[in-house]
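Residue numbers start from 1 in every chain, and the chains themselves are labelled A, B, ... in the order their sequence lines are given, proteins ahead of strands.
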Protein chains: 2
Amino acid sequence: MAAEKLVPIRNTNQRQLIFEYLEHTLTHPTAEQIFQNMRQELPRISFGTVYRNLDILEKQGLISTVIYSKEHVRYQVGSMNHSHFVCSNCDKVKNVVIDDLTDLNNQVSRRHKVMVQKYNLIFYGQCANCQKM
Amino acid sequence: MAAEKLVPIRNTNQRQLIFEYLEHTLTHPTAEQIFQNMRQELPRISFGTVYRNLDILEKQGLISTVIYSKEHVRYQVGSMNHSHFVCSNCDKVKNVVIDDLTDLNNQVSRRHKVMVQKYNLIFYGQCANCQKM
DNA sequence: AATTTAAATAGGAATTATTCTTAATTGTAT
DNA sequence: ATACAATTAAGAATAATTCCTATTTAAATT
């Protein structure tokens, strides 16, 4: 665990807008989708800026990354306190409410002598729409 | 859900050896690691062959894919009936035993009117070794 | 055992997502 | 207003994965 150099974080318009977009969207966009959306307001924004700011926002705990398939990483506001369902057919992502799993982290920490900081639970299957077809 | 053309699957030495390697390793190798290992026995094997056979083995239900970070997809024998712990510091992956979660799929299926086929639960944190440092 | 045929392979090119590099820009402290 | 370091845009570089094609090979048929 290398000690990180402490560097002041400046407020930039780009990061502010990325966060606001994530805050207001109901979907779980990919970096590509975020980039395309930002281009409407900031036509000169680059992918590097999107990725860098997503990393910063995640380190600040304001957003979190959901890794739900080989191809697509998705982003959302807040930390990972809920789970996701991903339709294997149409790729849609749904937030999912499940019974309390808060003591799972402790259970795993105790049994395996590790320090669990978070978990990520993803369900895969067919959504209501795709089942009909 | 497009109907898939039924195509005979032939037994090849390459696929057999990839499966045997996964069967006997205790780690959760990446495609790269599998490729390097296969090269010892099959010096002419290509990445395409590794990826194609991993896909086939997964479709046959003989192995499964664990997506545990943006950078690294990992493979293991069997289906995903257990969970994983990933150390955020050293990247090591551990199999984790947790209390019965078998009715989680049903719980989610019922509440969200979807058909859950599998779930993937990953814990992130610091392993015993990395905590000491 | 030889022949046939489509599936699988090797090899390498192409694609895609992400990270890196650098000169120019900009937020903020003075 | 000025200075300075953090951030940006732009595009090159990298890495993982997929795709393409001529050749090879498993296995069914003769």
- Query: Yes or no on side-chain contact (heavy atoms from CB on, under 4.5 Å) for B:Tyr68 and B:Val93, after CA distance, side-chain angles and deciding distance?
  - Reply: CA-CA 9 Å; B:Tyr68 85 89; B:Val93 183; 4.0 Å; yes
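As a whole-Å value, the separation of B:Asn53 CG from D:dT18 P is 13 Å. Residue A:Tyr75 contributes atom OH, which lies 12 Å from atom P of C:dA17 at whole-angstrom precision. The separation between B:Ile67 atom CD1 and D:dA16 atom C1' is 14 Å, rounded to whole Å. To the nearest angstrom, P of D:dT17 lies 15 Å from NZ of B:Lys70. Distance A:Lys59 NZ to D:dA6 P: 14 Å, rounded to the nearest Å. A straight line from CG of A:Asp55 to P of D:dT7 spans 13 Å, rounded to a whole angstrom. Distance A:Tyr51 OH to D:dA10 C1': 16 Å, rounded to the nearest Å. What separates OH of B:Tyr68 from P of D:dA16 is a distance of 11 Å, to the nearest Å.
The side chain to side chain donor-acceptor pair (under 3.5 Å) check on A:Glu58 picks up A:Thr65, with sequence neighbours excluded. Residues that satisfy the side-chain contact (heavy atoms from CB on, under 4.5 Å) test with A:Leu42, not counting sequence neighbours, are A:Asn13, A:Gln14, A:Leu17, A:Ile45. When the ring pair (Phe, Tyr, Trp, His ring centres under 6.0 Å) test is applied to A:His112, no partner is found at least two apart in sequence or on another chain. For B:Phe35, the ring pair (Phe, Tyr, Trp, His ring centres under 6.0 Å) partners are B:Phe47, not counting sequence neighbours.
Electrostatic pairing of A:Arg111 and A:Asp103 does not count as a salt bridge here, judged by no charged N lying under 4.0 Å from a carboxylate O.
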Using a cutoff of under 3.5 Å, can you pull out all pairs of nitrogen or oxygen atoms linking the protein to nucleotides 24-28 of chain C, with atom names and distances?
from	atom 1	to	atom 2	distance (Å)
C:dT26	O2	A:Arg10	NH2	3.1
C:dG27	O4'	A:Arg10	NE	3.4
C:dG27	O3'	A:Asn11	O	3.3
C:dG27	N2	A:Arg10	NH1	3.4
C:dG27	N3	A:Arg10	NH1	3.2
C:dT28	OP1	A:Asn11	N	3.2

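Proximity of residues 21-49 of chain B to DNA chain D (heavy atom under 4.0 angstrom from any strand atom) is restricted to B:Ala31, B:Gly48.
No more than 12 heavy atoms of other residues, nucleotides or ligands sit less than 6.0 Å from atom CZ of A:Arg44.
Listed for the B:Arg15 side chain is a donor-acceptor partner under 3.5 Å among the backbone atoms of B:Arg10.
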